[in-house]
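Comments concern the structure below.
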2 protein chains.
Amino acid sequence: MTNTSYNLVNDNTIRLFFDAFGNMKRFKILAILKNDPMSVSRLQRVMNCEQSDVSHNLQCLLNCGFVNKKINGKERIYYVNEEAKPIINAVYKHINKYEKYLISCNIMANPAISMKNR
Amino acid sequence: MTNTSYNLVNDNTIRLFFDAFGNMKRFKILAILKNDPMSVSRLQRVMNCEQSDVSHNLQCLLNCGFVNKKINGKERIYYVNEEAKPIINAVYKHINKYEKYLISCNIMANPAISMKNR
DNA sequence: TTGTCATATGAATATTTTATCATATGAATA
DNA sequence: TATTCATATGATAAAATATTCATATGACAA
């Protein structure tokens, strides 16, 4: 090996990161909340999915420190932690920039590719 | 909503990205290959896992355009595409920077947290 | 051409993750 | 305090993903 920097962060930390981050729905939640802190019910409407689904995903993001919440009467307003914003932006920009590329790679892919992506 | 930029990238593209990227093992593969292009067997030794496991994961990364390969005799040398390097670096830096933070969030987490992370 | 090394592939299984449902908690208000 | 709204939680079901095993392919060397 010419470089061993990839050993500097331990597996458990990488796992924690991806536990919360490695999922489309949670990424969308982050992308939404990043600009608009909002309540669970409003997020539910924007995301168009079940209340408990949203709550579970928010718990997950809370556990890994991507979001926090503040109480507002009956509501809980979730917002993205400042520390997490740069990486959300970076991933968002990457996806946006390589959208066409990602799709074309997928289309010309070899036979091993799973059907759901075709 | 004060900002609707999160609607500009379609779900399918986000899904493609996370199909490949949202996983600890594949991220480690990317982090390794980014600095050291190498053969499947060498990667297998570095990662300490099964050959077919490595191959399957490499196929996945290949399908979504994160890596490519070149033939060298019997070997296949996998390397990370230049386009993918910035986002790998960004995530790597984020994880490294917030390592302690990620871990502490997890420890103080509410009861909903899965046991595997404790 | 046979054997061996390197990799790829497909199928089966195991494991993890996600989604859903039922219900609990807790705040506000009639 | 009963009711309703907002959210959280736990259990289960369902789906997706990862892992493993057996085997195929393909290059090279004996």
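Numbered from 1 within each chain, the chains take letters A, B, ... in sequence-line order.
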Counting only Watson-Crick pairs (N1-N3 plus N6-O4 or O6-N4) and G-U wobbles (N1-O2, O6-N3), all under 3.5 Å, who is the partner of C:dA14? D:dT17
Taking the six-membered ring of A:Y79 as reference, does the NZ or CZ atom of A:K70 fall below 6.0 Å from its centre and within a 45° cone about the axis? yes
DNA chain C: A:N57 or B:S39, which has the more 5' nearest nucleotide? B:S39
Can you check whether B:R26 has a side-chain N or O nearer than 4.0 Å to OP1 or OP2 of D:dA18? yes
Whole-Å distance between C:dT15 P and B:M24 CE? 17 Å
How many Å lie between CD on A:E50 and C1' on C:dT17, as a whole number? 17 Å
Interatomic distance, B:R45 CZ vs C:dA6 P [rounded to whole Å]: 8 Å
Distance check needed: C:dT15 C1' versus B:K25 NZ, whole Å only. 12 Å
Take A:G73 and B:D53, find for each the nucleotide of DNA chain C with the closest heavy atom, and name the residue whose nucleotide sits nearer the 5' end. B:D53
For the pair made of CG in B:N63 and P in D:dT17, what is the distance, rounded to whole Å? 13 Å
From C-beta outward on A:K74, which listed nucleotide comes closest to its side chain: C:dT7, D:dC21, D:dC5? D:dC5
Taking CD from A:Q51 and P from C:dC21, how many angstroms apart are they, rounded to a whole number? 13 Å
Closest nucleotide among C:dC21, D:dT7, C:dT9 to the A:S52 side chain: C:dC21
Could you state the atom-to-atom distance from CG of B:L61 to C1' of C:dA8 in whole Å? 15 Å
Could you check whether atom NZ of A:K85 has more than 12 heavy atoms from other residues, nucleotides or ligands sitting under 6.0 Å from it? yes
Candidate nucleotides C:dT17, D:dC28, D:dT7, ranked by approach to the side chain of A:D19 - the nearest: C:dT17
Roughly how far apart are B:E99 CD and A:I14 CD1, rounded to 0.5 Å? 8.5 Å
Here the distance between atom P of C:dG26 and atom CD of A:E75, to the nearest Å, is 18 Å
State plainly whether the residues B:D36 and B:R42 are in salt-bridge range, i.e. N to O under 4.0 Å. no
Looking at C:dG10, D:dA8, C:dC21, which one has an atom nearest to any side-chain atom of B:H56? C:dG10
Within the pair A:N23 and C:dT18, is there a side-chain N or O less than 4.0 Å away from OP1 or OP2? yes
Indicate, with a heavy-atom threshold strictly under 4.0 Å, whether B:Y78 touches base, sugar-phosphate, or nothing. sugar-phosphate
Just checking B:S41: base, sugar-phosphate only, or nothing, at a heavy-atom cut-off of under 4.0 Å? sugar-phosphate
If we call it a pair only when both distances are under 3.5 Å in a Watson-Crick or G-U wobble match, what pairs with C:dT29? D:dA2
For the student: nearest non-hydrogen atoms of A:N23 and B:F18, plus distance: N-CD2, 3.8 Å
